[in-house]
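Here is the structure we will look at.
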Amino acid sequence: MNVSRRDFAIASALAFGASGLLLSGSAEAQAADEAAVAQSIEALRQGVLQQDKAKLDQVCAAQISYGHSDGRSETKEQFINGVMTRKQVQKSLAFPELKVFVVGNNAVARHIYLGESELDGKQTTTRIGALQVWQKQDSGWKLLARQGFKLG
């Protein structure tokens with residue numbers, strides 16, 4: 001079979017075009033995963049703010065390591081129990097400066113943890129950094145690890 005330059009050029013153009021479609025599909029999948037992780041982060045924020053045990057249970061992996069800025073580390077059960085039995089009233093909670101990037105079935109998120117709470121009439125503002133590791137599991141994105149840290 002003889003292949004002319006014209007045939008080769010057409011085949012090459014089609015191959016490059018197809019690879020472009022694959023790459024754009026990959027970029028679309030990446031963007032969809034990043035949006036899904038951001039939705040899970042919002043569900044976590046709402047769960048903490050509203051003391052919603054079901055929501056927290058849904059977004060936290062069974063193997064979670066939840067680290068606080070004071071050095072404490074909690075299991076899933078300890079973290080959820082701490083939210084459910086906290087003494088202060090959480091007035092507001094925001095995660096500004098959220099950045100998410102996905103690598104395969106894992107995602108890393110960084111943000112500021114900005115909360116306003118009240119205990120015995122005393123207002124407290126919490127402003128720390130947070131690093132989260134999410135993993136795509138059967139029913140969606142689950143928080144696998146979280147570490148809070150003091151900002152400089």
Side-chain angles (χ1 to χ4, degrees), residues 13-152:
L14 289 173
F16 284 125
S19 68
L21 289 175
L22 290 174
L23 290 176
S24 75
S26 175
E28 289 171 7
Q30 178 88 6
D33 277 340
E34 288 174 1
V37 172
Q39 287 177 337
S40 293
I41 292 169
E42 175 60 15
L44 173 70
R45 188 188 72 78
Q46 290 289 331
V48 171
L49 183 61
Q50 299 168 1
Q51 292 178 294
D52 186 330
K53 186 175 184 175
K55 198 172 283 189
L56 293 172
D57 187 56
Q58 177 186 1
V59 298
C60 292
Q63 313 84 347
I64 189 173
S65 174
Y66 192 94
H68 294 271
S69 62
D70 64 4
R72 291 178 298 122
S73 182
E74 296 176 325
T75 64
K76 181 176 181 175
E77 182 181 346
Q78 291 167 328
F79 164 62
I80 293 174
N81 187 51
V83 170
M84 301 311 295
T85 62
R86 69 179 177 228
K87 294 176 184 168
Q88 76 272 19
V89 175
Q90 191 77 43
K91 299 286 191 177
S92 67
L93 181 61
F95 292 169
E97 300 180 34
L98 176 63
K99 294 174 183 66
V100 175
F101 66 93
V102 174
V103 180
N105 288 334
N106 300 299
V108 174
R110 289 185 167 274
H111 61 82
I112 303 297
Y113 179 105
L114 184 58
E116 300 285 333
S117 60
E118 182 180 326
L119 179 62
D120 298 329
K122 182 182 176 194
Q123 300 281 336
T124 303
T125 299
T126 302
R127 185 177 188 279
I128 60 171
L131 170 69
Q132 299 176 350
V133 178
W134 292 79
Q135 186 177 65
K136 196 174 204 176
Q137 295 184 359
D138 296 333
S139 60
W141 288 94
K142 303 285 186 175
L143 182 61
L144 187 60
R146 185 262 194 192
Q147 184 59 57
F149 55 91
K150 294 179 176 152
L151 297 171

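Position 1 is the first residue of the sequence; numbering continues from there.
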### Message
Exactly one of Ile64, Leu56, Val37, Val133 should register a side-chain contact (heavy atoms from CB on, under 4.5 Å) with Leu143. Which one does?
### Response
Ile64

### Separation of Lys122 NZ from Ser117 OG (nearest 0.5 Å)
9.5 Å

### Task
Measure the spacing between CD1 of Ile41 and CH2 of Trp141 and express it to the nearest 0.5 Å.
10.0 Å

#### Entry: Smallest separation among heavy atoms of Arg45 and Ala94, with atom names
CD-CA, 4.1 Å

### Query
Closest approach of Leu49 and Arg86, non-hydrogen atoms and distance?
O-NH2, 3.3 Å

### Task
Check for a donor-acceptor pair, side chain of Lys53 on one end and backbone N or O of Gly47 on the other, with a separation under 3.5 Å.
no

### Point-to-point distance, once rounded to the nearest 0.5 Å, from CG of Asp57 to CD1 of Ile80
5.0 Å

Please table the atom pairs, donor to acceptor, closer than 3.5 Å between any side-chain atom in residues 98-115 and protein atoms at least two apart or in another chain.
unit_1 : atom_1 : unit_2 : atom_2 : d
His111 : NE2    : Gln132 : NE2    : 3.1

### Message
To the closest 0.5 Å, what do you measure between CG (Asp120) and CD (Glu118)?
### Response
9.0 Å

### Glu77 atom CD: more than 12 heavy-atom contacts under 6.0 Å
no

### Task
Please report the closest heavy-atom contact between Val59 and Trp134, naming both atoms and the distance.
O-CZ3, 3.6 Å

### Query
What do the steps show when you test Lys136 against Asp33 for side chain to side chain contact (heavy atoms under 4.5 Å, CB included), and what is the final call?
CA-CA 9 Å; Lys136 196 174 204 176; Asp33 277 340; 3.1 Å; yes

### Query
How many angstroms lie between atom CD of Gln137 and atom CG of Leu144, to the nearest 0.5 angstrom?
7.0 Å

### Query
Does the pair Asp52 and Gln46 meet the rule for a side chain to side chain contact (heavy atoms under 4.5 Å, CB included), with working shown?
CA-CA 8 Å; Asp52 186 330; Gln46 290 289 331; over 6 Å; no

### Task
Could you tell me which residues satisfy ring pair (Phe, Tyr, Trp, His ring centres under 6.0 Å) with Tyr66, sequence neighbours excluded, listed by chain and number?
His68, Phe79

### SB check Arg72 Asp70 (cutoff 4.0 Å)
yes

### Query
Is there a donor-acceptor pair closer than 3.5 Å between any side-chain N or O of Lys76 and the backbone N or O of Cys60?
yes

### Message
Whether the side chain of Gln51 engages the backbone of Val83 through a donor-acceptor N/O pair (distance < 3.5 Å, no angle test) should be reported.
### Response
yes

### Task
Would you give the length of the straight line joining atom CD of Gln147 to atom OG of Ser69, rounded to the nearest 0.5 angstrom?
8.0 Å

